[in-house]
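So that the names make sense, note that chain A is the first sequence line, chain B the second, and so on, each numbered from 1. In this text, all values refer to a predicted model and were calculated from it rather than measured experimentally.
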Amino acid sequence: MSPLLRASGVSKAFGRTRALRDASVTIGAGEVVAVSGPSGAGKSTLLHCLAGILVPDAGEVHYGATRLDELDENARTRLRREAFGIVFQFGGLVPELTAAENVAVPLMFGGLSRAKAAEAAREWLERLGAGDCAPLRPGELSGGQVQRVAVARALAHGPEVVFADEPTGALDSVAGEEVLGSLLAEARGRGTAVVLVTHDNRVAAYADREIVVRDGVAAESPAVTR
Amino acid sequence: MSTPQILLALLAERPKHGYELKREHDQRLPGAKPLPYGQVYSTLARLERDGFVAVADVVQEGGPERTLYRLTSDGSERLRTWLAETEPPAPYVGAALFARVIMALVAGGDARAALDRQRAAHLERMRELNRAKTVPGASAAEVLAAEFALYHLDADLRWMELAVRRLTDLTEEMSR
Amino acid sequence: MTGSGFRVLLPVAAMLARGASRPERRRRPLLVGCSALATFFLLGAVNQLLIRGTTVTQWAGLVSEEDLRPGTALGLALLVVPVLALLHQAGRVTQAARERRLAALRLAGATPGDVRLLGAVEAVRAGTAGAVIGSLGYVAAQRIAMAVLHVHDTGRYAVPLWPIPLVVAVVVAAAVVTSLRVSRRVVVSPVRVTRRASRPAPAAVTLILLPLGVLVMVVGGQTQDVDKVGVPLFYLGGALTAVGVAAGAGRLILASARLAGRWARTPETLLAARALEADPRAASRTMAVVGLVVAGGTGSAVIEWDVLQQAAVDHAGVDLFWLVSIGSTWLGLLFALLVAVTALVVHQAEVLLEDGRSTAALAAAGVPVAALRRTALRRTIIAATPVCAAAALATAVGMAAGLYTSASWGLAAWMAARALLMVAVAIASASAVTLVSNRFLTRAAAPDRLRAE
């Protein structure tokens with residue numbers, strides 16, 4: 001598998017806290033990788049560095065032939081908008097917009113007209129089983145529905161990688177697995193890579209591979225011998 | 001396992017013959033080991049001896065003779081008692097795992113690497129179970145059986161995560 | 001701490017004050033400053049009402065003439081309105097953080113009454129400090145002004161001591177009432193803090209005062225019996241129009257936001273319009289004051305026209321009295337605009353602090369911060385335009401048709417130009433302030449806001 005995203009020797013500190021120390025990971029195109037580990041171990045920091053939201057203090061992050069850590073904020077923003085999709089634990093939806101508008105707005109920022117974006121948004125909500133939610137605002141949705149809308153928003157522009165930070169963390173296990181199931185089915189169907197941050201082993205077991213982060217150090221899990 | 005009680009429970013619906021009981025056992029408990037044919041008959045014989053089941057009928061439809069068994073009132077009583085009891089909350093798969101980790105420490109092996117390998121093996125098994133669970137057309141019983149195993153493997157993994165964090169304390173205690 | 005009263009509450013209040021977050025600590029000087037300004041203007045108004053007798057002066061007629069002082073007092077008292085709006089806005093700014101802390105107190109066993117009392121204690125502290133500073137400031141400023149202007153009869157003009165405690169009490173009471181109003185929702189539940197009150201959208205009925213005020217002004221101006229009926233009616237109409245601008249601002253903003261949301265072609269406009277649509281009242285509090293400034297500025301144009309015409313007829317320069325009076329009006333309007341615009345900055349901060357997570361999520365999803373800035377700017381324009389335009393139009397029509405039976409083209413042009421100018425100035429300064437307050441936005445879009453609490 002060709003490496004799509006590669007971090008080598010990445011470190012990041014917040015004040016005196018060293019959140020990430022010399023982390024090196026590789027994500028292949030279309031691969032589903034779980035980043036797991038205890039809370040506070042640096043999982044989210046690794047995700048933010050890989051997604052170009054944070055710039056590491058040291059080390060390199062490559063996206064294809066691009067050095068992510070050397071791009072300026074504008075270029076990284078554009079890359080995030082075009083090539084990446086992001087799902088957060090609590091949806092991160094705009095409370096004043098309807099579900100359909102929440103999906104449509106990033107598409108509009110990507111240059112689509114309002115009518116086209118609205119149509120695409122409706123289609124995506126239908127696919128994820130949240131078609132009924134389209135005219136409702138996030139405050140009127142259940143936790144699972146909010147996450148479905150967030151997944152639709154992350155996938156709608158056809159990203160190469162979806163970063164999901166504890167996407168099921170706020171849901172019960174049935175609702176969580178439904179959301180996760182539809183995210184992974186859609187991603188696998190179109191060859192989108194997924195980086196899945198989770199502290200839940202059952203969620204990690206949905207991924208093809210696991211990266212364990214402990215005390216800011218990332219390690220690929222060893223090959224299984226039987 | 002509690003094969004006698006399971007057979008009593010399967011007979012609660014209506015009188016059944018031995019082959020039927022075996023088939024229903026395997027169907028309703030898809031995660032469990034299939035019930036050997038011989039064990040069905042030996043168990044039924046013991047249950048009949050103790051007065052929990054009785055022969056209801058002997059039928060022959062073309063093939064060989066088939067004995068239909070039914071629940072007696074003692075049998076119903078026995079089943080009710082079993083269902084009312086609770087399962088003793090005992091360690092599940094962890095026992096062998098627990099011994100292995102502690103012994104790795106005693107023998108001076110690399111317990112952390114062992115735990116990491118074990119985690120990878122557990123996750124691999126969980127992936128298989130996830131696949132089995134999400135296969136189109138999986139029955140509710142199959143899904144529940146997979147979930148049962150998944151939750152127990154998850155519990156092992158969480159215990160192992162704790163063991164990794166407590167490893168230093170444990171090593172100190174062992175080398176004392 | 002139920003029923004333990006002040007013995008426990010005061011130390012707790014002090015502890016809370018020490019443990020406050022940075023924006024919360026910044027709020028306190030704002031509260032003190034607002035109380036000081038309100039005290040200053042109220043004392044000025046009371047002072048005017050207490051002066052007796054008339055001295056003929058060249059330019060200080062607004063203070064020295066018996067008949068004009070009530071108007072001066074009213075003008076000074078009106079300046080308290082924007083200050084109160086700012087006070088309320090300042091009270092809201094760190095509301096989310098405060099509510100969470102106070103909810104934690106409720107969990108720790110404080111009764112709703114205790115929590116309300118805590119808020120009041122804090123308001124009394126800030127209000128008293130501000131009121132004392134304001135009183136000292138007023139007395140000192142008056143002494144200095146009289147010395148500089150060589151006023152002989154200082155005893156007549158100086159504010160007596162006895163109204164000062166009264167004014168201080170009124171200001172502290174206002175601060176407490178504002179704080180109680182703001183913290184109304186905190187007391188509901190110890191476990192859950194309701195983020196946004198689901199108040200119904202402002203009703204269309206709230207708009208009725210605006211045309212009614214204009215109508216009364218026009219009728220007052222056209223009445224034959226000018227002194228007995230006309231002038232009182234005219235003033236009543238003016239007051240109704242002013243109240244109408246303040247009361248109708250929310251509905252005007254809602255209508256404008258709905259329109260903008262329906263026709264939005266860019267995501268920035270859509271985001272801005274939907275945010276206003278969801279909570280038009282929040283924006284209306286500051287925009288109402290901006291609208292009143294526009295109304296005042298447009299209204300004073302009629303008087304200026306009259307003065308200029310008179311000067312042209314007399315072939316003399318403009319009377320010194322008028323120069324000072326019009327100048328003071330402009331100063332007052334400028335001050336009100338500044339305060340309103342400060343309230344707008346505070347409002348902007350409040351919005352971003354409250355919705356920080358979704359702002360950060362948008363930024364993380366690849367929405368440029370520049371686009372979020374444009375969103376904030378459009379929000380200001382969508383809210384400011386209808387309120388300012390309605391205020392300018394209402395005042396221009398009411399004043400021009402009310403004061404003059406024969407409207408001239410010159411007056412119409414002068415009024416229209418002034419109305420447009422006022423609207424432009426108001427929208428421009430509101431927009432400028434929005435751009436300046438983008439510092440908050442950059443902070444709200446920072447990825448560390450993504451972390452779960």
Exercise for the section: Check whether any side-chain heavy atom of A:Glu96 lies under 4.5 Å from a side-chain heavy atom of C:Glu277, and answer yes or no. Expected result: no
Practice task
Compare all side-chain heavy atoms of C:Pro368 with those of A:Arg81 and state whether any distance is below 4.5 angstrom.
Solution key: yes
Handout entry: Within-4.5 Å side-chain heavy-atom neighbours: C:Leu270 and A:Met108
Key = yes
Problem - Interface moiety of A:Phe109 toward chain C, non-hydrogen atoms closer than 4.5 Å - result: both
Practice task
Kindly check if the number of other-residue, nucleotide or ligand heavy atoms within 6.0 Å of CZ (A:Arg214) is above 12?
Solution key: yes
Handout entry: Interchain contact, A:Ile86 with chain C, by part (heavy-atom threshold 4.5 Å)
Key = side chain
Exercise for the section: For A:His157, look at atom NE2 and say whether over 12 heavy atoms of other residues, nucleotides or ligands are found less than 6.0 Å away. Expected result: yes
Problem - Toward chain C, the part of A:Glu73 with a non-hydrogen atom under 4.5 Å - result: neither
Fill in the blank from the handout: Separation between CG (C:Leu362) and CG (A:Asn102), nearest 0.5 Å, reads 8.0 Å
Problem - Sidechain-backbone polar pair: A:Arg80 side chain, C:Ala363 backbone, donor-acceptor under 3.5 Å - result: yes
Exercise for the section: Check whether more than 12 heavy atoms from other residues, nucleotides or ligands sit under 6.0 Å from atom CD of A:Glu60, and answer yes or no. Expected result: yes
Completion exercise
Closest non-hydrogen atoms of A:Gly92 and C:Ala361, given as atom of the first, atom of the second and distance, are O-CB, 3.4 Å
Practice task
Heavy-atom pairs under 4.5 Å with chain C are the metric here; pick the option from A:Leu79, A:Thr98, A:Thr77 that has the most.
Solution key: A:Thr77
Problem - Residue A:Arg190 excluded, over 12 heavy atoms near CZ under 6.0 Å - result: yes
Handout entry: C:Ala370 portion near chain A, given a 4.5 angstrom heavy-atom threshold
Key = neither
Fill in the blank from the handout: Bottom line for A:Arg137: the part with an atom under 4.5 Å from chain C's heavy atoms is side chain
Handout entry: Shortest non-hydrogen separation from A:Arg114 to C:Gly261 and the atoms involved
Key = NH1-O, 2.6 Å
